[in-house]
2 protein chains.
Amino acid sequence: MGNRALEDYLKAIYKLAHEGHGAAVGTGAVARALGVSTPSATNMLKRLAAAGLIEHRARRGVTLTPTGEKAALEVVRHHRLLELYLTEALGYSWDTVHAEADRLEHAVSEELEARLDEALGYPTVDPHGDPIPAADGTVRAVRDRPLPSLAPGQAGIVGRVSDADPEKLRYLADLGLVPGAAVTLLDSLPFEGPLRVRVGDAEGSEHVLGRELATDIFVRSAGVDRDPAKGNR
Amino acid sequence: MGNRALEDYLKAIYKLAHEGHGAAVGTGAVARALGVSTPSATNMLKRLAAAGLIEHRARRGVTLTPTGEKAALEVVRHHRLLELYLTEALGYSWDTVHAEADRLEHAVSEELEARLDEALGYPTVDPHGDPIPAADGTVRAVRDRPLPSLAPGQAGIVGRVSDADPEKLRYLADLGLVPGAAVTLLDSLPFEGPLRVRVGDAEGSEHVLGRELATDIFVRSAGVDRDPAKGNR
DNA sequence: TTTTGGTATTAGTCGAGACTAATCATAGCG
DNA sequence: CGCTATGATTAGTCTCGACTAATACCAAAA
Ligand SMILES: [Mn+2]
Ligand SMILES: [Mn+2]
Ligand SMILES: [Mn+2]
Ligand SMILES: [Mn+2]
């Protein structure tokens, strides 16, 4: 097919750029994210650069140009609108939507995008807590921090969880660790040990989480509940 | 992309086989249907044959094998479920759904297919009157005849209209010539001339239709209203 | 300063699907 | 019975994305 590959590269670059704060994205990272060999990535990155979608400083890394960022946001918007629509309107569970949306995202027209947006009431957050870029390319900034960065005894609200692994998502849902849930870090064992957390408000249930799993959960301060996402639902 | 091309070829062959009653489908017809050169079609047909999806008697034409027919029906089912879902649930008009479904059909998983089917109440007809193949590969037989084959004075019910041309569909909708509408052939001018029809019951409105347009409208006898399609909606 | 190891690029190949130009096969007509 | 029109196939290319194997770069360690 034509632009499916390009779109997936742009999306991957966008996401990598936003988790490794600001720095340029390496060829290898892109390759790993897409399950592709590094020469394949090099080749593709050159073409993206030739198309003016990315800046490619050889042996340095890669950054999205404004045009490229716009295109990437378009794909991300499709993906997240689809994820939300599939769960809200068609009863999908949040652990299965990702794969479905990954295929559908490339076949979504501007009209379908608009109709999904409308049917959902112009949402700003997807089922996993990721922000849905607006039609004009605006994205709410994410300031959530990984759960382990809380101080012992500190409370937070789950803002976002990593949406890649269905198993993980099912497990988190069982524990009640979904976006919007209150969570308190009771203590965290040293030497990268597990964390003990309370899920829910005053007398919620306690759980122990492995370090790795906890790192995929992002929280915001419990006090500061100025979340634009809640604005228009 | 991988199977998008194959699926489109299978779908095209299926549809051509069903409009030219029973005969084998020629390479040229396939090429024309897909907007592709005949050598491209020859090449692709060979690969479909190698995959056991079609029977290709050289210089004869092509027929779907049971496996091929099953695969084709799968695509057709996706297409028509999507068309219906887009109109019913997302407010698409019937002239624009075809193009959208043509892209989405290849990205529909078995799960999404099942959920669309359920959300629509297990429908059997798409917005243009085409039958939706059941999950088990069953298709309601279509016995509708072209409008011009009615005898002057004879009444019928619109069963199906050709869904390829949006302009045409908009025009037909304006005239009220949609599936389920009653239509009476008042008279038809000789030498392939235009037809005068009444749309609606006793005192409906009268319209004149060009021969070509009329040939894209398919009707069933007004009396025999044993239509399985009306069964479960 | 030389060695080493991780990362990126080059070189060469492959299959999918498309194209054009040239050739063939056959049905039907004269 | 031979000729021709129509339709199908062959031959040869092209682009897109992927791959492996070989090479080049560069930073840090020795
Ligand atoms: Mn994708
Ligand atoms: Mn998501
Ligand atoms: Mn299609
Ligand atoms: Mn249709």
Side-chain angles (χ1 to χ4, degrees), chain A residues 1-14 16-17 19-20 22-64 68 71-72 75 102-103 105-107, chain B residues 1-14 16-17 19-20 22-64 68 71-72 75 102-103 105-107:
Chain A
M1 159 95 180
N3 46 329
R4 153 139 202 195
L6 292 192
E7 289 180 1
D8 276 337
Y9 273 88
L10 288 174
K11 191 177 68 162
I13 294 166
Y14 175 84
L16 288 168
E19 62 190 42
V25 178
T27 307
V30 174
R32 231 165 303 119
L34 292 169
V36 133
S37 71
T38 40
S40 300
T42 298
N43 176 37
M44 218 61 212
L45 291 180
K46 277 181 171 172
R47 288 174 36 200
L48 285 169
L53 296 166
I54 63 176
E55 202 72 47
H56 189 191
R57 268 170 315 251
R59 262 174 238 268
R60 278 313 159 146
V62 111
T63 344
L64 291 170
V75 185
D102 244 2
R103 274 173 291 110
E105 63 190 1
H106 311 285
Chain B
M1 162 91 186
N3 46 329
R4 153 140 201 192
L6 292 192
E7 288 181 2
D8 276 336
Y9 273 88
L10 289 174
K11 189 177 68 163
I13 294 166
Y14 175 85
L16 290 168
E19 63 190 42
V25 179
T27 307
V30 174
R32 231 167 302 118
L34 293 169
V36 131
S37 71
T38 41
S40 299
T42 299
N43 176 36
M44 216 64 213
L45 292 180
K46 277 181 173 173
R47 287 174 37 199
L48 286 169
L53 296 166
I54 63 175
E55 202 72 46
H56 189 194
R57 268 168 316 248
R59 260 165 241 279
R60 277 311 159 150
V62 111
T63 344
L64 291 170
V75 185
D102 245 1
R103 275 174 291 106
E105 63 191 0
H106 310 285

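Naming: A, B, ... by sequence-line order, numbering from 1 per chain.
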Quiz item: Does some side-chain heavy atom of A:Y9 sit less than 4.5 Å from a side-chain heavy atom of A:V62?
Solution: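 Counting from C-beta outward, A:V62 and A:Y9 never come under 4.5 Å.
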Does a side-chain heavy-atom distance below 4.5 Å link B:I13 with B:L16?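 They are not in side-chain contact.
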message = Please confirm whether the shortest side-chain N or O distance from A:S37 to OP1 or OP2 of D:dA18 is below 4.0 Å.
response =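 It does not, given that no N or O in the side chain of A:S37 lies less than 4.0 Å from OP1 or OP2 of D:dA18.
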- Does the side chain of B:Y9 get closer than 4.0 angstrom to OP1 or OP2 of C:dA16 through an N or O atom?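 Checking C:dA16 against B:Y9, no side-chain N or O comes under 4.0 Å of OP1 or OP2.
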Which atoms form the tightest heavy-atom contact between [X] and [Y], and what is the distance?
X: B:G28; Y: B:T38; value: CA-CG2, 3.8 Å
X: A:A49; Y: A:H56; value: CB-CB, 3.9 Å
X: A:A72; Y: A:Y14; value: CB-CB, 3.8 Å

Distance in angstrom units between A:M44 CE and D:dC16 C1', rounded: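 That distance rounds to 7 Å.
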* Asked: Tell me: CG of A:D8 to C1' of D:dC16, nearest whole Å?
  ->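 One finds 15 Å between C1' of D:dC16 and CG of A:D8, rounded.
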### Distance, nearest 0.5 Å, that separates CE of A:M44 from CD1 of A:I54
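The CE atom of A:M44 sits 10.0 Å away from the CD1 atom of A:I54.
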Whether each nucleotide of nucleotides 5-10 of chain C has a protein heavy atom under 4.0 Å at its base (B), only at its sugar-phosphate (S) or at neither (-) is summarised, 5' to 3', as ---BBB
